[in-house]
Number of protein chains: 4
Amino acid sequence: MDVGFIGLGQMGAGMAANLVKAGYRVTVFNRTPARAAPLLAAGATAAEKLAEACRGDAVITMVADDDALEAVVLGDAGLLVTLAPGALHVSASTISVALAERLTAAHAAHGQRFVSAPVFGRPEVAAAGKLFIVAAGPQDAVADARPLLDAMGQRTFVLSATPKAANLVKLSGNFLIACVLESLGEAMALVDRGGIDRHEYLELLTSTLFTAPLYKGYGALIADRRFEPAGFTVPLGQKDIRLALAAAEDLKVPLPIANLLRDRFLTVRAHGGDHLDWSAIGAVAARDAGGQ
Amino acid sequence: MDVGFIGLGQMGAGMAANLVKAGYRVTVFNRTPARAAPLLAAGATAAEKLAEACRGDAVITMVADDDALEAVVLGDAGLLVTLAPGALHVSASTISVALAERLTAAHAAHGQRFVSAPVFGRPEVAAAGKLFIVAAGPQDAVADARPLLDAMGQRTFVLSATPKAANLVKLSGNFLIACVLESLGEAMALVDRGGIDRHEYLELLTSTLFTAPLYKGYGALIADRRFEPAGFTVPLGQKDIRLALAAAEDLKVPLPIANLLRDRFLTVRAHGGDHLDWSAIGAVAARDAGGQ
Amino acid sequence: MDVGFIGLGQMGAGMAANLVKAGYRVTVFNRTPARAAPLLAAGATAAEKLAEACRGDAVITMVADDDALEAVVLGDAGLLVTLAPGALHVSASTISVALAERLTAAHAAHGQRFVSAPVFGRPEVAAAGKLFIVAAGPQDAVADARPLLDAMGQRTFVLSATPKAANLVKLSGNFLIACVLESLGEAMALVDRGGIDRHEYLELLTSTLFTAPLYKGYGALIADRRFEPAGFTVPLGQKDIRLALAAAEDLKVPLPIANLLRDRFLTVRAHGGDHLDWSAIGAVAARDAGGQ
Amino acid sequence: MDVGFIGLGQMGAGMAANLVKAGYRVTVFNRTPARAAPLLAAGATAAEKLAEACRGDAVITMVADDDALEAVVLGDAGLLVTLAPGALHVSASTISVALAERLTAAHAAHGQRFVSAPVFGRPEVAAAGKLFIVAAGPQDAVADARPLLDAMGQRTFVLSATPKAANLVKLSGNFLIACVLESLGEAMALVDRGGIDRHEYLELLTSTLFTAPLYKGYGALIADRRFEPAGFTVPLGQKDIRLALAAAEDLKVPLPIANLLRDRFLTVRAHGGDHLDWSAIGAVAARDAGGQ
């Protein structure tokens, strides 16, 4: 099977490598061609132009945001005009529910098939092929996408025939992670002011009730105030909360914690924190309490 | 070692039974004497009056709230006047930080020793001797309390020489659990309005990023809207958030999610939900969104 | 002076009439031509096409939202392509700060002049020529717009050379009004539950500390639960809070009350309240408290 | 009529002086006797002990908080044991609804009459006899209190036969004022970041929609960041919001803005602002946005 892969950022590079490893003929495209070198060494083919990555049976996109995906799909010589009828576009990026809906309609109008398949996991998880993937789209399209997804992740959850459902779930998942950041930040601010060591407190929490790796990993970053280097930056975290709020607004769902998270990201950004890991919002509560 | 145990509610009954099982001579007291029957059958001695449970080396209290503990300790013929100098009071109840501070001073003034040792776990966990216990107090007092605590729990965390530190941690822990309830409630309200089945969603969450039993257990209650019978009622949950907010106020720590939780509990209570499990706050977001 | 006027809704009709009354030669355009009848009777000229209203020295636009204004300005045969170089576009609509910025650039690129001049006041105030108007734009452009603005309002505040500043002030003003709605809603929910008559309470408030007409007028609507007919509907109120939040996000300003207002509007809409006056958000606090 | 007046703080001194001016025989008591000097010069009599101020037909109390009033009424040689049967206690302090309820019961049990009559206005208003007074209590008691109240204020609102209703209204009023502080703080943070001068903005607001003196006075303090000297300090403002939240909790009324205000006061206090005017909470939004 010939597969195009567009977007070789920290996540995409690992994902594409796993496709190559699984035996697919992969043609990769990236705006910055140099990023493709390790993949070419591993057996991938380089596309000089976007369209060259769109000649196969399927194209997987893994780009930064709505704007980037719009450019790739709807732009000149984009997927919409280059992909063959019946070909499959698997969108793995974290994008808005609204864009997923527009792409669904646009691909349908061109006789192409579209699956939303956003992923959970950091770059090292993507490299290890251990992502969790949430897929939604027409049954046949998801069935055809499945082997590709299984090559990139440890488990694929198939949700619904409506692509945008997968995007909503992805955004809600990031919202829940950010809730962990904020709640840990508040709890640590409280016990810290009460004279309790944050690290001992975290050890207690994570060896009792909050055993999920999320609490351990992010808890340590917050307890240490170790927000650099960023695994996922503040502006990216803010973007996801913005998209979650936008989806919630369309569905008329008030989300009070998401509002608070929005404000936390704004506060961190207003204080020069664009380069920090998004877990930096977990330090705002302490600052409001006069600490640091 | 002779130990008194005061408070044979759902939690205390199991805790006292584990002390008996561990070979301690336990004298139990409860306002409603009938609750003592199973313990007497297991080998405990009944105290007809509170004072009779206070003649040994240590007394453990496990009562409903601040008022109950104040009555037991500071009331007529309470611990303060009946406990021998040097004897140990181990307070396992979830009480305010302020009361822990007052009891610390009161016991010290009477030459008695005081350890705060609140517990994490539901009644079945207490019965199984699997509680997590957070202890704080003077080193010698905690050392003497340790074997008792180990008999009741799977692990004891020793925190600080200041008893109230343990109470602060306990309250912060319940706050964090309530954050999970609210965040799951919001996320489920969102995906539910987006046409995604809440149970499938929860299965996805808990088999990927949110693997802690808390998310599974409470997530299922919220997805099912199964808030009866209550494991821990709405008014008790509200009480703990109130105590967390009170402690935070004394320490000058703003806790925005705790504020939201406060409002959620009030809303559930204002709508007749006093008999429900505290996870019922996880359904408020959906109602605000026009669902149920 | 020849003036075009585009948008004869509840607000625009009154504003255009005051221009006619002040002696301007006014050419009016509305998507629904019938709305123009009273103006024609008063002496205005009807434009059958948008472009016909753009032949004079200035065009005033008063339309529903960003989309409408974009269509009018940037659409086929819109202001951008029909307005003469040097001609003036006065935008009185409540639009986003971002759109004001785009229109500023677009008009500049076409050698046209642009003034943002949003207005405060309900339809009856517009009809009476008693609006408050906030104007911003290049000094000469504002000077030329001034007589027109003075014909439509009781007072014009000139703010800045940057048009979008006026839009930001307008949005912040509507935000402040919505704060009054919510705060009155909460206070009334509280005293109502405490057995105090809402109307007596409002009389007390507005004859002592809160003497502004806003408190009297909206307070009465909230105390009466009289949200129909709407003077300004819930979706319009929501839109303005959305635009305020968007502007705040760009400027990195957390606005916690605006977040709450956002949720209130969503709750009212989720419960079928699109047709209600935006003061209906003032009843949500009481419903959360188990009242109505 | 012989009247006792207890509490000669900034407010009480002015109020007592107006009673003397109105011709009452006033016996004053203050913990710090020196504060009484100007009143004695004006014709009042000094009580060396609290009980000496309780021998007349009525006693008015104007003290700092719940604790102070409890000491005055329920303490040794307090009003409860010294006031004659049928005598009247008029409580003008801002106290909790719960304490008003307890005092109502306590006085009734001693055959004494009790009226809650909290006041709105700053010290200079009290001195000028221009306070607004909210009174509640049994009809005959309020009727007897009325001339005294009228001597101290420009208008008295009689609310209900239940004294605590007046305290609830007082607390709700201070809550509404604090809402103005916070909403102005947010709006000013927004426009300030947008390049608009805060003072010009305030002038615009208060000459159009927000004409109440509250907006002008507090708006100027916030625009100027002029929080010293304090007319009403941060801890006092915080106390009133705490009491409003406590009353709301008893009545099961969620008050989201009050929660936010609570956090704002905590933030200001955590940053050393105890000496500032409570309007200092109006600067927190700007600081969150990276300003000052």
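Order of the sequence lines sets the chain letters (A, B, ...), proteins ahead of strands, with each chain counted from 1.
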> In terms of heavy-atom pairs under 4.5 Å, which option from C/Thr267, C/Leu260, C/Leu251 contacts chain A the most?
Replying inline: C/Thr267
Please say whether more than 12 non-hydrogen atoms of neighbouring residues, nucleotides or ligands are located less than 6.0 Å from [atom1] in [X].
| X | atom1 | answer |
| --- | --- | --- |
| C/Lys170 | NZ | yes |
| C/Arg225 | CZ | yes |
| C/Gln10 | CD | no |

> For A/Arg242, is it the side chain, the backbone, both or neither that has a heavy atom under 4.5 Å from a heavy atom of chain C?
Replying inline: side chain
> How many angstroms lie between atom CG of A/Leu245 and atom CG of C/Leu266, to the nearest 0.5 angstrom?
Replying inline: 9.5 Å
>> Return the CG to CD distance between C/Asp263 and A/Glu249, rounded to the nearest 0.5 Å.
In response: 10.0 Å
> Side chain, backbone, both or neither: which part of C/Arg262 has a non-hydrogen atom closer than 4.5 Å to chain A?
Replying inline: side chain
